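None of the values given here were measured: they were computed from a predicted structure.
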Amino acid sequence: MQIDDTEILVSGGGIAGLIAAAAFGSAGHSVTCVDPAPPVTEEGAQGSDLRSTAFLHPSIAVLQAAGLWDRLAPHATALQVMRIIDAGGKLSEARLTRDFDASEISDQPFGWNLPNWLLKREISARLASLQNVRFLPGTGTAGLLVRDSEALATLTDGSRIRARLVIGADGRNSPTREALGIGTRTLRYGQKALAFAVTHERPHDNVSTEIHRSGGPFTLVPLPDRDGKPSSAVVWMERGPETARLRALPREAFEAELNRRSAGVLGQLTQATRLTEWPIISQIADRFTGPRTALIAEAAHVVPPIGAQGLNMSLADLASLIDLSAGDPGSARSLAAYERRRRPEALARLVGIDALNRASMISARPLRDLRAAALGGLYAVAPVRRIMMRAGLGVT
């Protein structure tokens, strides 16, 4: 049987995998990207991803090098302020508000927010313009044989590809990771998240707002106006039974709950898209590499959607991998350096985000009061506040 050759095989056509294909292709490598499901690139289409992604400032350099930022920037909404609100009192209303303003540490916003379905549309278009990149949606990775000199992948259509480097970007249940026999450590919270878009009475003023009460954070992330009205993406985390109850409500009753949980910070909210739901876990692979293989994104690490860390951690993976892949992509030396650089950093962030998520889930009033006091105390010390902002961006 014929074997096709490529320098880089990207297994996974989610946002991280698509960006990886664009980045390595833009760097001059021959790239093949595969995924069992074609990307859904329209908001109203069945199966569209209604979440949004906030690209923090350090990630923009990765998008620029991949030839993507010029395509994405016209659709992006700046995030100038990260606002944290504690609404853990007797009533669901803001009792403590703290603003983390990017102007304290930079002349740039913290980042820019874009809908995931739009990202898939624009990145797919970029791949189509690169002659050295093949994107094969509808085809997945069925098997993987790795040697010190090469990796041989069998695809779900029976074809075979030989690569110098296989990038596993194929999700939290990664076939690439499983083929390498790499285990994971997984933390479960009994939480799920609802993701959808809303319109609201008051402008968001480029402020991303995270509201803490119990069950998990309720986050409003700025989007461009929708039908002439201010709009935001919502990520609403709750314990599983509560999420199921909310999803079963008639629209009018759901919007009443939505507005109660938002503490009225943007005035009346109106649901603008259907609801999507996904489970919340933390997970980290025991190793990020194998012979001629590197794991990135959710194949390597999964964190709750707090502080816009998830995909930005993935782009940090990608930036390191590209930096270390000059000369011989997939060499033992470059992969060992990638392991040393990325896994400790990812583990440290996972531990920190796990702690924040558990604090956000607190239901007992005295502990919620303690949480509010801790937030107020940390914020009041300006050097600590700036350290927290820089740490969130992944810079020193």
Side-chain angles (χ1 to χ4, degrees), residues 10 12-23 33 35-56 59-60 62-63 66 68-69 71-79 110-128 135 137 169-174 192-199 204 208 210 217-226 231-237 271-281 296-299 301-318:
V10 180
I15 292 172
L18 294 176
I19 295 175
C33 180
D35 193 273
V40 180
T41 58
E42 298 294 334
E43 182 183 61
Q46 182 66 32
S48 63
D49 187 345
L50 297 182
R51 293 173 292 177
S52 67
T53 294
F55 291 103
L56 299 178
S59 294
I60 302 305
V62 180
L63 299 177
L68 290 169
W69 186 238
R71 302 186 66 98
L72 298 175
H75 308 285
T77 305
L79 307 178
F110 284 117
W112 291 263
N113 194 48
L114 294 109
N116 283 8
W117 62 266
L118 185 144
L119 286 169
K120 292 179 181 179
R121 184 188 75 191
E122 296 300 320
I123 303 168
S124 298
R126 170 60 178 161
L127 295 185
F135 180 33
D170 38 12
R172 58 184 66 182
N173 299 314
S174 167
K192 291 189 176 181
L194 296 176
F196 53 102
V198 296
T199 58
H204 50 61
S208 180
E210 199 171 88
F218 177 100
T219 307
L220 291 153
V221 190
L223 289 173
D225 287 358
R226 177 187 289 266
S231 180
S232 293
V234 173
V235 179
W236 186 353
M237 293 165 59
Q271 182 184 341
T273 65
R274 63 183 173 84
L275 305 179
T276 59
E277 176 184 322
W278 80 100
I280 301 300
I281 64 170
I296 70 168
E298 289 201 340
H301 44 72
V302 183
V303 295
I306 295 176
Q309 293 299 303
L311 191 59
N312 290 280
M313 290 171 63
S314 305
L315 294 196
D317 296 340
L318 179 56

Where do [X] and [Y] come nearest, in terms of heavy atoms and distance?
X      : Y      : value
Gly310 : His301 : O-CE1, 4.5 Å
Pro217 : Glu210 : CB-CG, 3.8 Å
Ala16  : Leu311 : CB-CD1, 3.9 Å
Ala76  : Trp69  : CB-CH2, 4.1 Å
Gln271 : Val198 : CA-CG1, 4.2 Å
Ala54  : Leu79  : CB-CD1, 3.5 Å

Can you check whether [Y]'s main-chain N or O pairs, donor with acceptor, with [X]'s side chain at less than 3.5 Å?
X      : Y      : result
His75  : Leu114 : no
Asn312 : Phe55  : no
Thr273 : Ala197 : yes

Over-ring placement of Arg51 relative to Trp278, 6.0 Å and 45° cut-offs
yes
Does NZ in Lys192 sit with more than 12 non-hydrogen atoms of other residues, nucleotides or ligands closer than 6.0 Å?
no
Decide yes or no for Val234 and Thr219: does some side-chain heavy atom of the first lie under 4.5 Å from some side-chain heavy atom of the second?
no
Please walk me through it: do Ser208 and Val221 pass side chain to side chain contact (heavy atoms under 4.5 Å, CB included)?
CA-CA 5 Å; Ser208 180; Val221 190; 3.9 Å; yes
Check this for me, if you would: do Arg121 and Glu43 make a salt bridge, where the nitrogen-to-carboxylate-oxygen distance has to be below 4.0 angstrom?
no
Looking only at side chains, do Asn113 and Ser52 share a donor and an acceptor under 3.5 Å apart?
yes
What residue among Lys120, Glu42, Arg274 forms side chain to side chain contact (heavy atoms under 4.5 Å, CB included) with Ser48?
Arg274
